[in-house]
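Every value quoted in this text rests on a predicted model; they were computed, and no experiment measured them.
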Amino acid sequence: MKDIREFANYRSFLAACYEAEKAAHKSFLSIKSFAEKIGFSDSSFRMILAGKRNLTTSNIFVIAKVLKLSFSQTEL
């Protein structure tokens, strides 16, 4: 997985994370199960990816913990 700073925005980073997780698992990983893994409902995650909803500061830290991002990678 590329470094988060190599992405234009967090939406493209999250989409790439989902695709990487899906590719890494032999069985199909649904967007719903990935969303739940990082603390979102399926619909909320889809809205974030579509640009209809933004992440909150607390969302960022939850995602960072799950995806094992460093503090510097979560700077706003």
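Under the salt bridge (Lys or Arg N to Asp or Glu O under 4.0 Å) criterion, the residue pairs touching residues 46-74 are D42-R46, with sequence neighbours excluded.
For the atom pair CD of E6 and OG of S12, the computed distance is 11.0 Å after rounding to the nearest 0.5 Å. The CZ atom of F40 lies 4.0 Å from the CD1 atom of I63; values are rounded to the nearest 0.5 Å. Taken from CD in E21 to CG in L67, the straight-line distance is 7.5 Å, to the nearest 0.5 Å.
The side-chain contact (heavy atoms from CB on, under 4.5 Å) check on T56 picks up S58, N59, with sequence neighbours excluded. The salt bridge (Lys or Arg N to Asp or Glu O under 4.0 Å) search around R11 returns none, not counting sequence neighbours. For S41, the side-chain hydrogen bond (donor to acceptor under 3.5 Å, both in side chains) test picks out S43, S44, with sequence neighbours left out. Evaluation of the side-chain contact (heavy atoms from CB on, under 4.5 Å) rule for E19 yields K22 as partners, not counting sequence neighbours. In this view, F34 and Y18, F45 satisfy the ring-ring contact (aromatic ring centres under 6.0 Å, His included) rule, not counting sequence neighbours. Remark: V62 pairs with no residue by the side-chain contact (heavy atoms from CB on, under 4.5 Å) rule, at least two apart or across chains. Under the rule for a side-chain hydrogen bond (donor to acceptor under 3.5 Å, both in side chains), K32 has no partner lying at least two apart in sequence or in another chain. Not counting sequence neighbours, the partners of I4 by the side-chain contact (heavy atoms from CB on, under 4.5 Å) test are F13, L69, Q73.
Contact annotation: the side chain of N54 approaches that of Y10 to within less than 4.5 Å [non-hydrogen atoms, C-beta and beyond].
The same ILVMFWY cluster, assembled from side-chain heavy atoms under 4.5 Å apart, contains both I38 and I31.
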